[in-house]
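The structure appears right after this line, and notes come after that.
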Protein chains: 2
Amino acid sequence: MPPRQTDLSDAELEVLKALWDLGPTSVRDVMNHLHAQGRELAYTTVLTFLTRLKAKKYVTSKKSGQAYIYKARVSREKVTGTRLSSLIEQLFDGASAPLVLHLVQSNKLSPDEIGELRRMLEDLDAASSDVEGDD
Amino acid sequence: MPPRQTDLSDAELEVLKALWDLGPTSVRDVMNHLHAQGRELAYTTVLTFLTRLKAKKYVTSKKSGQAYIYKARVSREKVTGTRLSSLIEQLFDGASAPLVLHLVQSNKLSPDEIGELRRMLEDLDAASSDVEGDD
DNA sequence: GACGAGCTACGACGGATGTAGTAGGTTGTC
DNA sequence: GACAACCTACTACATCCGTCGTAGCTCGTC
């Protein structure tokens, strides 16, 4: 089977992120936003990505005066989740836990973050009132 | 700047994973392993990937009889870490915590995994004997 | 109503990727 | 010593990706 062409490429994701940051906006604004982040892309390059994103159904556009206003059609969370799942699939054959373990063990989390994580887990535990007795 | 060409592509990663699973081995064995996983690639395709992996310094090879034996030069952990970091950079601008939160909140972790995670965190806490009193 | 500033559409181009075929060398076997 | 089996090297090729350039339309301004 031919390679997938509905996936977001890295550059496309960058542009989509700009759209998430800015909300519905024009090519020029997206470009400026990117420039502000040190990403120097030509106007037409940004246009190309936006066009491809539209073709891939990640954004919609509607004409407003002379120019088009582009709007993200997918949420940051959705895309994040999808990408994450792909990576987990690819790296850990679908199991999330090893990833978290990896993160925790590689000291990528600060003490504060660890604290927050623990609190979150406690909440989860409380919410589901789950018992574990396999000690 | 031109796109990076030292990066692992998805297909290359698959082959590398086979090498991690099998240890140093031949093209044919890698192919068979892939086939066993339902990944039907032609012998020469596998060869191509192995060759590219060699060019990118991810594997080494040495002749053994008529054929070459390929061996991973990079550890699974290393590659995993790198890929993960890229994703975190890309999705969360470098912060790991949101990723974990995302994982936990999106119910991608089973109760068992949550339990394990909590245990791990307790161990961490015990190890550093950290205190938190900002309740 | 001609000019310039913007904007979009479309084509382009080199490099990466996924996938494989073919040519040609090596070698065990009859 | 010819043949089949197997191996590698090289080439190929369509598509994707990152990046733009150019052409042509539109609209405000003098």
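So that the names make sense, note that chain A is the first sequence line, chain B the second, and so on, each numbered from 1.
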Atom-to-atom span, [atom1] of [X] to [atom2] of [N] - whole angstrom:
{"X": "A/Asp10", "N": "C/dG15", "atom1": "CG", "atom2": "C1'", "answer": "15 Å"}
{"X": "B/Lys54", "N": "D/dC10", "atom1": "NZ", "atom2": "P", "answer": "11 Å"}
{"X": "B/Glu12", "N": "D/dC16", "atom1": "CD", "atom2": "P", "answer": "18 Å"}
{"X": "A/Gln66", "N": "C/dA9", "atom1": "CD", "atom2": "P", "answer": "12 Å"}
{"X": "B/Leu50", "N": "C/dA20", "atom1": "CG", "atom2": "P", "answer": "15 Å"}
{"X": "B/Glu14", "N": "C/dT19", "atom1": "CD", "atom2": "C1'", "answer": "12 Å"}
{"X": "A/Tyr68", "N": "D/dT26", "atom1": "OH", "atom2": "P", "answer": "11 Å"}
{"X": "A/Asp7", "N": "D/dC16", "atom1": "CG", "atom2": "C1'", "answer": "12 Å"}

Of B/Ile69 and A/Gly65, the one whose nearest nucleotide on DNA chain D sits closer to the 5' end is B/Ile69

Of A/Leu47 and A/Ser9, whose closest DNA chain D nucleotide lies nearer the 5' terminus? A/Ser9

Taking side chain to side chain contact (heavy atoms under 4.5 Å, CB included) as the definition, give me every residue that meets it alongside B/Ser64, ordered by chain and number, with sequence neighbours left out. B/Ile69

Which residues share a side chain to side chain contact (heavy atoms under 4.5 Å, CB included) with A/Lys71, sequence neighbours left out: A/Pro24, A/Thr60

Where do A/Arg76 and A/Lys17 come nearest, in terms of heavy atoms and distance? NH2-O, 4.2 Å

Contact between B/Leu8 and B/Leu53 at the side-chain level, heavy atoms closer than 4.5 Å - yes or no? yes

Does any non-hydrogen side-chain atom of B/Phe49 lie less than 4.5 Å from one of B/Leu41? yes

Looking only at side-chain N and O atoms, does [X] come under 4.0 Å of OP1 or OP2 in [N]?
{"X": "B/Thr44", "N": "D/dT8", "answer": "no"}
{"X": "B/Thr45", "N": "C/dA20", "answer": "yes"}
{"X": "A/Tyr43", "N": "D/dT19", "answer": "no"}
{"X": "A/Lys56", "N": "D/dC17", "answer": "yes"}

Check DNA chain D against residues 22-42 of chain B and give the residues with a non-hydrogen atom under 4.0 Å, in numerical order. B/Val27, B/Arg28

With five pairs defining each end axis, the helix from C/dG1-D/dC30 to C/dC30-D/dG1 comes out bent, to 10°, by 20°

Please report, to 0.1 Å, the donor-acceptor pairs under 3.5 Å made by any side chain of residues 87-97 of chain A, with sequence neighbours excluded.
residue, atom, partner, partner atom, Å
A/Gln90, OE1, B/Arg83, NH1, 3.0
A/Gln90, NE2, B/Asp10, OD1, 2.9
A/Ser96, OG, B/Lys108, O, 3.4

Inter-residue atom distance [X].[atom1] - [Y].[atom2], 0.5 Å rounding:
{"X": "B/His102", "Y": "A/Leu84", "atom1": "NE2", "atom2": "CG", "result": "5.5 Å"}
{"X": "B/Arg39", "Y": "B/Glu14", "atom1": "CZ", "atom2": "CD", "result": "4.0 Å"}
{"X": "A/Ser26", "Y": "A/Tyr68", "atom1": "OG", "atom2": "OH", "result": "14.0 Å"}

Looking at B/Thr48 and C/dA20, is any side-chain donor or acceptor paired with a base atom of the opposite kind under 3.5 Å? yes

Name all residues meeting the side chain to side chain donor-acceptor pair (under 3.5 Å) criterion together with B/Arg73; count only those two or more places apart in sequence or in a different chain, and write none if there are none. none

